[in-house]
Colleague: 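The following block contains the structure, expressed as structure tokens.
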Amino acid sequence: MRLLLALLLALLPVAAQAQDGLPPAPYAYRQLDDPGLEQQARDLMDTLRCLTCQSQSIADSDAPMAGDMRHQVRTRLAAGETPEEVRGWLIARYGDYISYRPAPGATTWPLFAIPVLLLVVAVLVIARRLRGRGR
Amino acid sequence: MIAELGLAALWLAAALAALQLLGGAVALMRGEAEPLAALVRPAAQVQALLCAIAFAALLYLFAVTDLSVALVADNSHSAKPAIFKLAGTWGNHEGSMLLWITVMALAGGLIAWVEHRLPERTLLATLAAQAFVGLGFYAFLLVSSNPFARAVPAPPEGAGLNPLLQDIGLALHPPVLYCGYVGLSVAFSFAVGALLTREVTPAFARVMRPWVLGAWVALTLGITAGSYWAYYELGWGGWWFWDPVENASLMPWLAATALLHSAGVLAARDALRTWTLMLGVVAFSMSMIGTFLVRSGILTSVHAFAVDPERGTFILALLTLYIGGALALFALRAGTVAEGERFAAVSREGGLVINNVALSAILGIVLLGTLYPLLTEALGFRVSVGPPYFNPMGAIFFLPMMAVLAIGPLLRWRQDRLARVRWQMVAVAAAFAAALLAAWLLAGIALLPLLGMALAAAVAVGSVLPLARRRLTRAPLTLWGMVLAHLGVAVAVFGMAADSAFTTERLVALRTGEQTSVGPWQVTLAGVEPVAGPNWTALSATLQVAYAGGASVPIEPQARSFWAPAQQTSESALLTRWNGQLYAVVGGQAPGDGAERWQLRLWWKPFVTCIWYGGGLIALGGLLALIGHVVGDLRRRRRWREARA
Amino acid sequence: MIRWRLWLWLPLLAIALLFGLFALQLSRPKDEFVRSALIGQPLPTFSLKPALPGQPPLANTDFADGKPRLLNVFASWCVPCAAEAPQLAALQAGGAEIVAVAIRDTPDDVAAFLDAYGNPFSRIGADPYSQLQIALGSSGVPETFVIDGTGVIRHQHIGDIRAEDVPRLLDELREAGE
């Protein structure tokens, strides 16, 4: 089961990397000096999708483009933007696909409605199964 | 010659599966006294032998790197270490399907050989169901994925195995996972057999339970090992990504966990009959759906490995046949299965019902989150669902389940009073409060890790209480199994919460001799030099690391380049202490001014190892329970025979 | 004997819907592309240094002069970018003005690339950290955007341009000019 994941994660970025002449962007592999800001950056990067690897966040990828996006996130946060502004800026460019955190909306409501339904059904089932039995 | 022998054995095995199905069907319709019915058990046993021969033939072909066989030429290489030559047998689509069908045939043979507790008619129906499932896989192998096909002309050298897969953990990962899937297929066959004959009894649950337990232990081990593999091999310190491939292995585990507990209720108390049947069908369905998602490529799609629409279509056809058929049978028959014994809300069964409902809901959420992107894609837009969705949504059901887990095992079957276990409840609540306070005071951590840690403490205390006031040497193995498994849950959840709350990260570029720190560690870059392995070359960094001013120890992360096929991987270096792991990765050379600087990624992860220790404990608990049940069954069987004699 | 209960059929219904979805997705080719969400919107503000020394730089204001253009996102290290060179030449011959942005590239590599495959570009900006690429919502190389005379993005072509794409891109360009 892991085989596919392995190939997915490893092959693509490396294939691209092998041909790419430039060193990574300054903030691709460098943390922000302010630990609070770096923590915010880290939390945000964990929830942004690496577009060239398809199944990983930009915080977990060696792909050059993931590095460039980390650079983009860190420099924007350092310039005073909030994490949600950066997320919004990226969604405006790539659509909801870039964010691993679906926001409740016209296209995603079942993702939130169905768990609520599950919760209601779960409570009902438990209540029905357990009420007044065994006497 | 060996290849042709393997293929012939496979064809014969398929023919015997057809005979087994026919015999079972005749037994079901005309009674088990029919002559054909007498052939069912021998057919299953010989089939197991033939499949073992076919698989041994493929193992041999890989061991000697017989490049005239297409599968070997495509997936092996003469310069590969011997263990990975063997592992190459199942490191590909055809070989892994052959492994699957072999394990399945062995399971069928074992049932046919030893199982005499069920009514014969139900057992024959079960074996027929198993043959029916098996036939689909034989057809898949023989028609579209023949592992023994020859390559004409034979190439001079093989294409090699992906270097990421040349790892001992990963070599053992697929067989373990397949054992899990096959165990669930056996449970599925038992459920179908019971539906066909309407014999849903405690004896049925007792017969099914060892298979579910075995499958569950294998899945637990597989997921735990796979997670650790991703953790150290991928080089970023993550251990679970909620990737579709990972979810595909988690879903059968969730269903199997629920099935295990409901089968326990059915075996002990003759309750939850239809629910157990349903879970038996669902658990195997989840393994099949997972296999489909991974191999058809409709979800992950980017890479060509094992991804083939034709294969996807074949698996989907099998899925429709088996799962659709079983669910239709369920809908027709479940209404005629009596509901079983009743019980009070406060009782062992009551706790297990909550466990089952919560596990099913978590399964629903994982399934929804995994498949929703597929649905939106069909509608023409794309979304991503990842950790920020799965973690809180799963927690809604997981955290209450943990709370019930701390108390439930202390309750009596059928009916109990909470007042009877009040002292245990006080102990559990005290552990919860103390851990909550300590975690909250020590560090301002987020809500989920905080609750996770507190509940882990509560479950840890609650899980060992069933052993209190018992003579430990007299406590049955099955009780020990339950205690260890539940303790394992607490340990694993603690590890997850600790990793999420306390991990520190350091990304730096160092010159030789320079120093940095991560958490309590001092790290000095002592040097970087090239090294060569059997089929790779690497840059190896030597780091001198010291914990909290102690003596320094060398660790050596590597950046490896493989040449067959050409690819780069990073070999992380891990230093394990009792209270966590130091995780180091060396990247490339950093850009800049003259003197060489090297990119290092360092993490200090307190108690992260608890995640996998916990997984191991869970599996060990399952294994003890399995041994306990099997030994108990054997003892009962001997007594029964002596009584008859 | 058989008591029909509706809820018992729910699992079968759910699984039928699910498998229908699977079959639908299996039956059609998978769309691998991540499209930019900026189609129909003005170009983001940017100003890039030239990719080759001595050449003019590239800024978003260069697009607001009333003339529609193609914006080619490429890199010297990208194999499909070399493969689409004849099509870019055909587009240029068809009257298109093509500006380019070189992603993660060095002046020497760009110069060698243009020597080998020809230079159909009127200007080339350098984007060493993929900043413009990300601002455009582009997720790989090569990609080609159609920009109208007011600097609004009208169309995105993902992947290398094949011979059959040339007339379509010229049409898009003409439409953008109207």
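Side chains included, hydrogens not; waters and symmetry mates left out as well; all remaining heavy atoms used. All values derive from a computational prediction rather than experimental measurement. Below, chains carry the letters A, B, ... as their sequence lines are ordered, and counting in each starts from 1.
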Colleague: If you take all heavy atoms of C:Arg104 and A:Pro24, which pair is closest and at what distance?
Modeller: NH2-CA, 3.7 Å
Colleague: Working to the nearest 0.5 angstrom, can you tell me the gap between A:Arg93 CZ and C:Gln133 CD?
Modeller: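 Between atom CZ of A:Arg93 and atom CD of C:Gln133 there are 13.0 Å.
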Colleague: Select one option (side chain, backbone, both, neither) describing which atoms of C:Ser76 are under 4.5 Å from chain A's heavy atoms.
Modeller: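 Contact with chain A involves no heavy atom of C:Ser76 at all.
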Colleague: Can you tell which part of C:Ala75 gets under 4.5 Å to a heavy atom of chain A, answering side chain, backbone, both or neither?
Modeller: neither
Colleague: Locate the shortest heavy-atom distance separating C:Ala37 from A:Ala92; write the atom from each residue and the value.
Modeller: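 For C:Ala37 versus A:Ala92, the nearest heavy atoms are CB-O, 3.2 Å.
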Colleague: Give, for atom CG of A:Leu51 and atom OG of C:Ser139, the distance between the pair rounded to the nearest 0.5 Å.
Modeller: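 Answer rounded to 0.5 Å: 5.5 Å.
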Colleague: Working to the nearest 0.5 angstrom, can you tell me the gap between A:Thr75 OG1 and C:Gln131 CD?
Modeller: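 Going from the OG1 atom of A:Thr75 to the CD atom of C:Gln131 covers 6.0 Å.
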Colleague: Is C:Tyr117 atom OH crowded by more than 12 heavy atoms from other residues, nucleotides or ligands, each under 6.0 Å away?
Modeller: no
Colleague: Can any side-chain N or O of A:Tyr94 pair as donor or acceptor with the backbone N or O of C:Ser138 at less than 3.5 Å?
Modeller: yes
Colleague: Which bit of C:Leu136 is near chain A, if near means a heavy-atom gap under 4.5 Å: side chain, backbone, both or neither?
Modeller: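 The backbone, not the side chain.
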Colleague: Of the backbone (N, CA, C, O) and the side chain (C-beta and beyond), which part of A:Leu90 lies under 4.5 Å from a heavy atom of chain C, both, or neither?
Modeller: side chain
